[in-house]
Undergrad: 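What follows is a single structure, and I will ask about it in a moment.
In this chain, numbering begins with 1 at the start of the sequence shown. All values derive from a computational prediction rather than experimental measurement.
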Amino acid sequence: MLHGITDFFVYSGFKEEACSKEHAFFAFKDYLKVFKFSKFFCRLLARIARFFFTFSFADYEKNTKYKNAFFPIVLGYNTIDNEIHWITILVKLGDLPIVGVSVKDSNGVKIKGQWESKLIDKKIDWAITRNSSYKYLFGRGTFCNEVTEAKILIIGVGAIGSLVAKTLVKCGAKDISLIDYDVKEPENVCRSEYEFQYGLYDKTLELIKVLQKNSPFVNVKFNDNNEYFEFYIKTLHKDKTAQKSYEESLNQFDLVFNCSADSDLMHVLDQLKLTTTLINLSITNHANDLVCAFYPKIYRFVQNQFISILDNDVDDLYNPSGCWSPTFKASYNDINLLVQFALKEINRLYKENRNKDNFTLSFESENNLNIKMTKY
């Protein structure tokens with residue numbers, strides 16, 4: 001990322017083109033042989049010098065605050081491995097490697113008011129550059145292609161959903177959509193992927209910022225700008241037209257994670273005719289257990305686990321003044337541990353092309369040192 005100046009120029013072939021309010025001069029050549037690079041570089045610098053002298057140089061000379069600023073010249077080219085490599089030269093704006101020379105006519109007489117730039121020898125200041133292609137960024141490990149290449153939707157981006165989203169991005173996912181109607185409040189920060197500095201903020205909008213900071217290769221967005229998805233789908237669940245519309249909307253995804261902790265929404269989603277893979281993730285109070293259920297018949301399985309099998313304490317909930325409903329108690333560490341274990345298992349199921357069977361994760365001992373997986 002390049003910061004600090006006002007104009008951004010892209011160099012394509014030998015054509016300068018103003019593009020935005022950022023600041024650098026980019027040049028790209030499809031392929032550069034070593035013995036041709038110096039010729040290309042000289043021609044490029046000549047163009048840059050002419051640009052500075054005829055347009056920007058005078059402006060920067062008048063504005064003293066730019067005297068010690070550096071103007072990056074970024075040169076890119078394809079390598080023999082079909083990868084793009086970039087090198088960067090830093091040019092000090094107050095000490096440009098050019099000098100103004102009067103333009104002369106055919107008789108050698110100076111033409112009044114006409115000048116051209118000429119390059120002079122200067123030591124090159126090279127900036128450090130690093131390649132950051134998808135291959136390099138995730139070369140040390142990703143989820144399997146069936147997950148990273150999938151079109152993913154996450155419904156509910158609270159404690160569980162935000163962890164799922166960030167983990168997927170960190171593991172190479174490229175296409176994620178988010179749905180949530182809620183606003184992030186200060187008390188949400190301690191056990192989710194949100195940041196205190198943003199204050200009260202729409203959860204989906206802040207999470208999009210967080211995810212994009214972690215990977216430039218993820219296309220993350222607020223799904224269809226449907227802020228009230230959860231409300232409308234529950235209200236209109238008996239309307240056949242609305243039901244079909246929601247089925248079509250959800251079926252455009254390869255993977256849908258429901259992390260909303262909303263039993264009514266879980267029931268409605270279970271009634272739809274889905275071709276996508278719907279995965280429901282729920283955690284018991286104090287994060288003693290995690291339940292992972294795959295469509296269909298999610299609602300029945302999850303309810304049975306929470307009511308009849310797992311020890312879910314419904315009395316000792318977190319219910320501060322002003323909170324619209326009680327929520328489970330658990331630390332970031334508790335939730336993260338179970339969610340990461342669950343995502344690891346989900347990735348394994350896809351990687352090994354296994355049946356998508358429901359499972360639960362439970363801490364076995366009083367010291368919470370062992371996690372037991374039970375498959376169904």
Undergrad: So, Tyr198 versus Tyr194, ring centres under 6.0 angstrom or not?
TA: no

Undergrad: Quick one: are Thr360 and Thr374 in side-chain contact, heavy atoms under 4.5 Å?
TA: yes

Undergrad: For Ile111, what are the other residues in its hydrophobic cluster, where any two members join if their side-chain heavy atoms are less than 4.5 angstrom apart?
TA: Val103

Undergrad: Are the side chains of Ser263 and Val302 in touch, meaning some heavy atoms are under 4.5 Å apart?
TA: no

Undergrad: To the nearest 0.5 angstrom, please state how far the NZ atom of Lys351 sits from the CD1 atom of Ile346.
TA: 15.5 Å

Undergrad: For Arg348, is the CZ atom crowded, meaning more than 12 foreign heavy atoms sit under 6.0 Å from it?
TA: yes

Undergrad: Would you check if Glu193 and Tyr332 make a side-chain contact, meaning some heavy-atom pair closer than 4.5 Å?
TA: yes

Undergrad: Mind checking side chain to side chain donor-acceptor pair (under 3.5 Å) for Ser331 and listing every partner two or more places apart, or none if nothing turns up?
TA: Asp334

Undergrad: Strictly under 6.0 Å, is that where the ring centroids of Tyr181 and Phe231 end up?
TA: no

Undergrad: Decide yes or no for Val291 and Leu281: does some side-chain heavy atom of the first lie under 4.5 Å from some side-chain heavy atom of the second?
TA: no

Undergrad: Decide if atom NZ of Lys110 counts as having more than 12 heavy atoms of other residues, nucleotides or ligands within a radius under 6.0 Å.
TA: no

Undergrad: Please indicate whether Lys221 has more than 12 foreign heavy atoms, meaning atoms of other residues, nucleotides or ligands, lying under 6.0 Å from its NZ.
TA: yes

Undergrad: Determine whether Tyr134 and Trp86 fall in the same hydrophobic cluster, where Ile, Leu, Val, Met, Phe, Trp and Tyr are linked whenever their side-chain heavy atoms lie under 4.5 Å apart.
TA: no

Undergrad: Just checking, any donor-acceptor pair under 3.5 angstrom between side chains of Glu247 and Asn251?
TA: no

Undergrad: If the test is ring pair (Phe, Tyr, Trp, His ring centres under 6.0 Å), which one of Phe294, Phe301, Phe359 qualifies with Tyr376?
TA: Phe301

Undergrad: Can you tell me how far the CD1 atom of Ile155 sits from the CG atom of Asn258, to the nearest 0.5 Å?
TA: 5.0 Å

